[in-house]
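All chains are named by letter (A, B, ...) in the order of the sequence lines, taking the proteins before the strands, and each is independently numbered beginning at 1.
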2 protein chains.
Amino acid sequence: MSGASQEGMTAKKAENFDEWYTQVILKSEMADYSPVSGCMVFRPAGYAIWENIQKATDSEFKKAGIRNSYFPIFIPERLLQKEAEHVQGFAPEVAWVTQAGGSQLDEKLAIRPTSETLMYEVVSRWVRSWRDLPLRLNQWNNVVRWEFRHPTPFLRSREFLWNEGHTLFATKAEADAERDEVMGIYRRVTEEFMALPGYFGRKSKSETFAGAEATYSIEHLLPDGKAIQGPDWHSDGQNFSKAFEIVFIDKDGNKQYAWQNTFALTTREIGVMLAIHGDDRGAVIPPRLAETQVVLVPIVNDENKKDVLTEARRLAGVLSSTFRVFLDDRDNLTPGRKFNEWELKGVPLRVEFGPRDMKEKQAVLVRRDTGGKRTVKLAALPEEVSKELEAVQANLFQKASEALAKNTHEASTMQELKKALSRGGIVRVPWCGRADCEARMKEETGGKVLNVPLDEKRAGKCVACGQDADSANFGRSY
Amino acid sequence: MSGASQEGMTAKKAENFDEWYTQVILKSEMADYSPVSGCMVFRPAGYAIWENIQKATDSEFKKAGIRNSYFPIFIPERLLQKEAEHVQGFAPEVAWVTQAGGSQLDEKLAIRPTSETLMYEVVSRWVRSWRDLPLRLNQWNNVVRWEFRHPTPFLRSREFLWNEGHTLFATKAEADAERDEVMGIYRRVTEEFMALPGYFGRKSKSETFAGAEATYSIEHLLPDGKAIQGPDWHSDGQNFSKAFEIVFIDKDGNKQYAWQNTFALTTREIGVMLAIHGDDRGAVIPPRLAETQVVLVPIVNDENKKDVLTEARRLAGVLSSTFRVFLDDRDNLTPGRKFNEWELKGVPLRVEFGPRDMKEKQAVLVRRDTGGKRTVKLAALPEEVSKELEAVQANLFQKASEALAKNTHEASTMQELKKALSRGGIVRVPWCGRADCEARMKEETGGKVLNVPLDEKRAGKCVACGQDADSANFGRSY
């Protein structure tokens, strides 16, 4: 903690979002740039958020019967080429190893941009009978996609971290049923842990994952009015099982190809979370994901120092049995400097404890999200801290949900769509589902179909062709 | 679980260790080969062991104040070259990315064989004052070392998983004090979780990590009589801080270079563990690390099936609140086939439950390590299961410790060293510490200095030169 040299925020979120975002992730010590173009460093406070996201997601995966595994990072070129659409989608972004151990390789190796091809080649050996299915695997790993668009820490990085789920089923019905189970897990993790609302729906054909039959996503809205894709789930049908000969003998003794799905949640979500919750004083981290949930700042002067510090240490000890607590007893900084630093870093709750509080057997709780202050009795400190943390968590989701609702507009004509889009945000618009209409909407407005909600059927007439149409989420996208 | 097609072990551990090891890791479904030469697949049962090792190690790291982070997998060539000895040590084993995003890179990128150079380039920006120290970072990640020796899953794989700790201190004394703290964590994780004994000591100069001042290791002994290095800790002195300009202003206002250490525990330990504990029936997994600690096998016939299964499910539910339990209610396999399969997979404890047990309100517990059977009352089932699991955990460490002691010999002359070494195992031998004596011992015997225990000073006369010598651990090494 480089307290002495810490500088506060200077950019304003409402005025210059890009500069504000850069400041907030660097100054809060969530991330740093690296000497490798387009690749970022996850600093401890940022990586801790990822660990907490992993914990929340992984425990739900395990309950669902999804098991973790690890496959090599390298994919031989011939394997990557085995599924035609898949390789077309990923080949332009691949980083290739061509030399190793002092010599040129006979066949170059892709750094995984995703692991379908390698995993399915191996997994085809594990599946023989319907009794071997379902086979539900996951990996928590690093992947590389060598994009050339402007890199932004968390939001767009050439190497990123994610979960990649890969599951195999004996029947289409079982495979399809996984969608709501997995998207339910992602919904809970994004809403209840990241405090991020979003719109769930099916991506258009042109935005479907390379090699998949259908892609479903959660779409978030950034404060600059652009949408950004969150976690997704893909129905692969039998595309990969046919390319990789993943066959099994069904209950009737017939050979069948397995039905497959994949799904992912990436470290991009950390960026979305920081962008949405932060303010002009710095980061605001949802309590359930924060490395430090509570910072305790003793307020001392020369005569009471020993007594106040002793009691503060005791309180920090008590709170530590339930919460992630940091006692800031540094003696070279004023309380005011400490308050600023922890607000910049986004710690959800501050406990102030000074000589008067000691006398009155009380402490002052200060919320990061609202700045709200409350004096509580020490005897009730753990319960009060717990209540405040829950209030912060709930409020962040509430505020983000209100912002999303406020910035979601309706349009029923191309003209209205253009107008609504010019204000930023997400626009609900009738779209018939045809690719040429989608292309025209994109061309005329600069936005795109984000996804199509499953529950808003026949909402109107397509703004491009006038035919019966479902309602689509439309917006400029990150 | 490919129950129907499962084949048992055929190789004998005592007769053909290499073949036995291959069978045990493949047939127990811990690992598989991959289409990438020298790289392995961690199957779920094997990866779960790694997750449990991580959990045990990471919670101790966090208590010690070591924070996790994530740095890019790529290291630009010029950075890797910044510390001369370091690059010499690793350059021959590096895999290089030369093409990315459809074009040739201006500067090739190493896949990290270890992250010193990249991390320290970045971290040099984070350290300004003594108040920024200590800075104790860790990563859990994947690294690649393109070796050409015979690859063996877990034991030698071109890509492996590990923790890499990188810590910076203001003084040499603080840096040095970390050795016992971190090696203490590794000792507890290896002994109390993996049930693996080992010898702790300092590596010789020729075996010291490239770029470090000193390396300390735990050395294990494999059943084939060869030693293998376990976790290690390196004192880097100021070698890297000078190369990467990691300087800080000390309390007196003077510029100082930071003192650095690194430390690592790798997935190789899983292989060591499987090699040491397994037997001719398959894997034997220490309970604290096993994905499945208890398998419950209901024994049913047509008339009692429903009642026995109902009660078995209830019991599995009760046990699941404390243990990692699998209820094997597959109806296409006989109990005998199930017993064999779970023994092959190394599940530490089996609970058998049949109609007679139901009537007598009892169950039969069968230990994987000894085959010992015990009938216990259902009312006491959780306590009895807990006791048996603890007994298995303790017995595995006890047995491994006895085997290590039995295969550790003494030698006080070169002749005795040769003779002792021909029987396999580790030999305690006086060595003066000089490189030329080490080289002669290696040449004459085919073994090497594994490490030098810290507490056996002046144990005799060097077997090579006859001068006063400390006792060294010596052996053929993997």
Q: Please determine if B:Arg67 and A:Glu291 form a salt bridge, counting it only when a charged side-chain N lies under 4.0 Å from a carboxylate O.
A: yes
(Q) Non-hydrogen contacts under 4.5 angstrom with chain A: give the residues of residues 70-80 of chain B involved, or none if there are none. (A) B:Tyr70, B:Phe71, B:Pro72, B:Ile73, B:Phe74, B:Pro76, B:Arg78, B:Leu79
Q. Among residues 161-168 of chain B, which ones touch chain A with a heavy-atom distance under 4.5 Å?
A. B:Leu161
Need one label for [X]: side chain, backbone, both or neither, based on atoms under 4.5 Å from any heavy atom in chain B.
| X | value |
| --- | --- |
| A:Glu107 | neither |
| A:Ala110 | neither |
| A:Gln139 | neither |
| A:Arg145 | neither |
| A:Val127 | neither |
| A:Met119 | neither |
| A:Lys55 | neither |
| A:Glu159 | side chain |

Q) Between B:Asp58 and B:Trp140, is any side-chain donor less than 3.5 angstrom from a side-chain acceptor? A) yes
Q) Between B:Lys338 (side chain) and B:Arg330 (backbone), is there a donor-acceptor pair under 3.5 Å? A) yes
Q | Side chain B:Ser157, main chain B:Phe160, donor-acceptor under 3.5 Å | A | no
Do you know which of [options] has the most heavy-atom pairs with chain B at a distance under 4.5 angstrom?
| options | result |
| --- | --- |
| A:Val122, A:Leu105, A:Asp32 | A:Asp32 |
| A:Glu147, A:Glu93, A:Glu51, A:Glu121 | A:Glu51 |
| A:Ala31, A:Ser37, A:Pro92 | A:Pro92 |
| A:Ala91, A:Pro35, A:Gly102, A:Ala48 | A:Pro35 |
| A:Val94, A:Asn138, A:Asn142 | A:Asn142 |

Q. What is the minimum heavy-atom distance between A:Ser115 and A:Arg112, and which atoms define it?
A. OG-CD, 3.3 Å
